Each structure stands twice: as C-alpha cells, then as structure tokens.
2 protein chains.
Amino acid sequence: MSLINQHGGDLDVIERRYNIPKDKLINFSGNVNPLGVPESIKNAIIENVDYICRYPDVNYLSLRKNISLYTNVNHEHIIPGNGATELISLFIKAISPKYTVIVSPSYSEYEKEIKLNNGKVKLFPLKEDNNFNLDINEFISSIPENTNMIVLCNPNNPTGTAINVFQLEILLKYCFDKNIYVMIDETYIEFTNIKKTFSAVSLISSYKNLFIIRGTSKFFAAPGLRFGYGLCSNTEILNKINSFKDPWSVNIFASIASEVMFKDTEYITKTRKLISEEREKIITELKQWKNIKTFETEANFILIKLLNKNITSDKIFKKLIGKKMVIRDASNFVFLGNSYLRFCFLLPSQNKMLLQHLKAIIEN
Amino acid sequence: MSLINQHGGDLDVIERRYNIPKDKLINFSGNVNPLGVPESIKNAIIENVDYICRYPDVNYLSLRKNISLYTNVNHEHIIPGNGATELISLFIKAISPKYTVIVSPSYSEYEKEIKLNNGKVKLFPLKEDNNFNLDINEFISSIPENTNMIVLCNPNNPTGTAINVFQLEILLKYCFDKNIYVMIDETYIEFTNIKKTFSAVSLISSYKNLFIIRGTSKFFAAPGLRFGYGLCSNTEILNKINSFKDPWSVNIFASIASEVMFKDTEYITKTRKLISEEREKIITELKQWKNIKTFETEANFILIKLLNKNITSDKIFKKLIGKKMVIRDASNFVFLGNSYLRFCFLLPSQNKMLLQHLKAIIEN
C-alpha cells in the first residue's frame, strides 16, 4: 500500500515523491477548511507566544470551559486530546473492546487502534445500492450478541453520508440496553447543513455509553495545532482515561486558541455558508456528468465512482498531480476499489478549476 | 497525596488553591531555564504562524535532521515525541518489560508507565550516605537475573547527581550481554558542566539496548511546546514504536522551532554559563548554612535536607508561597520524606531572594 494514500494530508510525502514543492500543491485531499486558519487564532498565538514557557494546565480547566460554551456539554464531560487521533486511541484503550463493529468504509485509525488493543473487528458495510446511507434498523439487527463497541463516523469519511440525531438515539438506546459503547467521530460535523441535526452532543448527558470525538484540524483549518476533544458523561471511563493519559498531550497554543476560536462566530458562519453553497453547486454539477456516480454528501467532501472501467482512481490522481492538484485516490478504503475518488470543497475558483480538469479526464 | 506535589510545574493548581495569580509566582519548582523562551523560537513561530493549517510531516524528516545536527546522532535513530513523557510511554510500551529496576528516587512517570503495562518494578535506592551518588559496581551486582529493563535519569531528578559516560558504558556492556534494555532520561543533560561528559549519545550507535530520552521543556524553557525526542539505534524497537505511535503527536510549532532552537548557540552558551555560575555560587553558600545537608548537583536544581526536625518541607513550601515563591516539597519522592526540598536555579537576583528567605526560615 502506497504511503501517499494512507492519510489525506501527507503533502510532504507527495512533495518528496513527485518533486513538487508542497506550497505549490492545491490540496483537495485533506478535507481542511479553505478559509485557512482564523485570524483570531493567529493573533492570539502571536500575542501570547511567551506562554511557551508555561506548562499547560494539567486539568485544562479554561480550555474545557471554552469547549463547554461551544458544545453546551458540561466541562466535566470534556477531555482534550492531541487531535482526534489521541482521543480515538484513549477511548479504545479505556474500553479495550473484545469485539467491535465499525460502520465502513471509514477512517482507518479505528480498526488499527482496536487491533493494537487485541480486539476483534467486524466491518459493517454501507451499501452502494443505498448510496452508502446507513439503514439503522438493518444495522441494529446485524449487531452480534458479543459486541462491546460500535464505531461510526458522522458524517462519514469517505462517503459523506450522515445519520440524524433521531436515528442515532435509536441506536444508542439499543446499545445502552445491551451494554455496548458507541463511539461517534464528529470530525466533520460542523460542515453539515445548519438546518439539519446530525450531532449527538445533546445526548451526551443521557447516554453513558456514548463517546463523541471532535477535532479542530478540519473545520478550523488547524491540523498543525493538534487539538481535539472527546465528550463523554461516563465518569468511570473518564477516570480510567485520566489514569493513563499523558498529562500534557495538548500544547499551550491549543489552550490559547481555545480562548478565541469557538467564539469566532464570523469565521464559523462564513465557513458553513461557503461549504453549503459549494456542496450544493458541486453536487448539482456532478450529477450532470457522464461516466460517474455521485453520492449525496453532508460533509465538506464528496465521494464519486468512476463508471468507465478504463479510468482508474490512481490514474486520475496522477494526472491531477501533474496539474498540481491533490485529490484522494479512495481505492485503499475497504469495500471501495480503484474506481473511487474523494475530494473536498475548497474556494469557489479552486473547485471550478478541479471540476474542469476532472471532467476533461473523466468524460474523454 | 496532594495534587500540587505531583509535578513541579502545576502553577495552575497552586493558583486555584492559594488564590494567587500564577503570573505573580516565581517558580523554583519547574526546573525551567530562567532565560525564558529563546527569541529565535518566538520569532520563528510568529513568522510562520500560518503553518497551523498544515499537518506536520508524518515522517518529521526536517525535524529529525535538525536534532541530528544537534546531537550527532543519525536522523534514522531519532523519534520525535510529545514531550519526554510520550517517549517514556512509547519506549516502555515497545519493550513491555516484565521486570524493571529504576534507580530511585526519581521522576514518578517511569514507574507509573511500567505498571500500566503490567510490569513489575524494583526501586534501587540511591544512598544518602553516598550523597545519592550511584555506585555502578554495587548497582550492577544488585540487578536481578530476570530484569528486562533499567531506568535511570541522568542527571537525576530530584537528587541532581549524575553518572559519567565511562560508568554508563560499563553498565551498558553488562546489560547488553544480559539482554537488558537501558532507558536513560537526559532531560537535564544540557545544564551540566560543559567540561564533564555525562551524556550517553555517543554510545547510541554501539548499544542496541540503549534508549535515550531528551526534552526541550527545561533547557529551552518551552514546556508549552510539548516537544521531546528519543534516540535509539535498534531498528526493531523503532519500527515497533512507529507501528503504534500516534502519527502526528508533535505539533507544527515544534517542527518550526526545531529549525532554529538547536542552532541558537548564543542562547545555549549563555544558559550553560549562567547555570554553572549559579550552581557553584549556591552550593558554596548552602554549605555554610546551619541545619541543612546539601547534596552536590550537576543539574539546574538542588536537593537539600532539613536537619532540624521541627521544620518540615511542607511548612517551608507554604511559608515561601506566602512570599510568592514556589519550591518543590520533595516529601512525596520515594525514599525521601518531609525533610527534603528541591529548588531550581533561576536568575541571580531571584536566587538571592530565595536564599535569603530560605535561610531566615531554616536557621531561625
């Protein structure tokens, strides 16, 4: 498996392999907000750069209170982490699930982490026939008796499909009765349409079997900051995580950024508007193309399937690299194959350029 | 056990408990370089703040090459980590030692991490009679047959004692023949006298059983940056660590800082000179005091023992808090007790003030 495909953000690897300076590449593979880092974060870091000489607060109290105001979740139910990645790993270690069902295809780190903890994994396949939407009743009836944990990404990467909060509550209720933990990765939740309700945050205090993971890398365009957070109201699990967690895994700049980013309503509103408009425009356009199948997306990226067997995703990836555009060859996602591509929505002019080139390649 | 004593740096906890703003406290407990964050680091971060929108290089190639130039260790034998803490945890996980000997008293995280990995620990006591110096032959002859790992901190926290490279090589040779890994925490190594050789870096390529941990929190006054590194030439162990390590645990600011900090010879030289001078001055002064025993230190801090049984370390800690000075009550270190204090060397005027107050308390 090529290193390039493992994660969307590995521009350094592409730079080394194709000998193109990473600054020259337009990255449609990283799923990162095209508005760039909010000025509020940059200014706060510049003004408070002296704080590097301080250890972060071991209890991250202010940081957790800032997240609490943003999510409406009690700050005692919030754990900060070094990106979503550390939280995935912490929660899985705390549960040590013997048997986990992962709704798939999805982000590869869940399975990797469960196996590192000697757990077994069943991948529940989202069906292409159903446009990769999850049928919650079918899913529930498929959950084996011995299951300890369910993992789902909402909206899901790479399919872009999402489950609304009412469906999620049906699942959570069922799982609660069966002593099954549910880990929901909401990395892309803030990109969804403001008129729909996909997030499970409102259910945190009611369901002790629920653990939600949030990142700031994608929505706040801050992957270099390494800042995510977990939401969970199960005190036993939280105490367990705190007993083995690295005390200062979140750096002081994340603490500083947390003072401003979640209140930056101008940036947040502008992002949601931009992504909603681009999503609608791009879906409408793609639906008119020959030789592809488009899947409806609630996220800031879209998965498409190439219907012409002569064109494979790696060929398109390479052709676009020639144009200095990086998309995600989705062939190494489980249940997909070399006819799947994923790309995220950037600025209108960038999206227009990508679509032009992509159309020329696909329709020719 | 009081939260305050767990780590030296927890000013936030002190702020909340004693209701003193942490900015007003002079921190003699954190062992952090009093020159503050190098201007070179601050400027590099300010100039490159836009890089938050980038994922760190998964391979951290430039960062590892920067450390390589600084340490003279091949960059392939360098692992970056989220502070020394992550590296302690990674190496222990990779080895999963069933039986470990820790030279003690020392930093508490080693034992915690080994126990989290279901390992047994024997604490080898440094003897007060020997001024807490390690007798290497006595130590070697005490190592049980079934030992998988030795841990030592050099110079040692909290005693300040250090082992020179010739003694270390005797230990490494013995351990190599017995299949015992040796983890040396060199967090404080750069503070030692430039004329003596305590670091084991020159032995990295020769001893596959050696793992060295370095931080940047103390010497470069950058604990908020969360940046440490491990040195090891054992490819099998390195590959194992990379198989389970969080891919981006080191943030982009650490990568940016690594471009300038290790070349900042002005800062490095100034620090070594300041600490050497203050160390000598303070040791000379303390030796003249009544009612205490002073232990020679090679680090940027010193351990003292109160000989008047009516004064305990927590009383002195509290009295000094009243003067807005935080020292480390060393009573919760194993083998020590409530007659031990530790404090680090700050700027000459600050040290002078601490010694004045301390002398008044101790000699009265």
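Every value quoted in this text rests on a predicted model; they were computed, and no experiment measured them. Reminder, nothing fancy here: chain letters follow the sequence lines and each chain counts from 1.
- Heavy atoms of B/Lys93 lying under 4.5 Å from chain A belong exclusively to its side chain.
- If you tally non-hydrogen atom pairs under 4.5 Å between each of B/Val32, B/Val37, B/Ile46 and chain A, the highest count goes to B/Ile46.
- Both the backbone and the side chain of A/Asp23 come within contact range of chain B, each with at least one heavy atom under 4.5 Å from a heavy atom of that chain.
- For chain A, the nearby parts of B/Asp50 are the backbone and the side chain; heavy atoms of each come within less than 4.5 Å.
- For a residue to count as touching a neighbouring chain, one of its non-hydrogen atoms must lie under 4.5 Å from one of that chain's; by this rule B/Ile88 does not touch chain A.
- No side-chain donor-acceptor contact under 3.5 Å links B/Asp185 and B/Tyr107.
- For the pair B/Arg214 and B/Tyr229, the NZ or CZ position fails the cation-pi test of under 6.0 Å to the six-membered ring centre and within 45 degrees of the ring normal.
- Of the atoms belonging to B/Lys22, heavy atoms from both backbone and side chain fall under 4.5 Å from chain A.
- Of the atoms belonging to A/Ser89, it is side-chain heavy atoms, and not backbone ones, that fall under 4.5 Å from chain B.
- Scanning residues 252-259 of chain A against chain B with a 4.5 Å non-hydrogen threshold yields A/Ile252, A/Phe253, sorted by number.
- Side chains of A/Lys245 and A/Ser249: a donor on one and an acceptor on the other come within 3.5 Å.
- Only the side chain of B/Leu116 comes within contact range of chain A, with heavy atoms under 4.5 Å apart.
- The residue among A/Glu113, A/Arg16, A/Glu15 with the most heavy atom pairs within less than 4.5 Å of chain B is A/Arg16.
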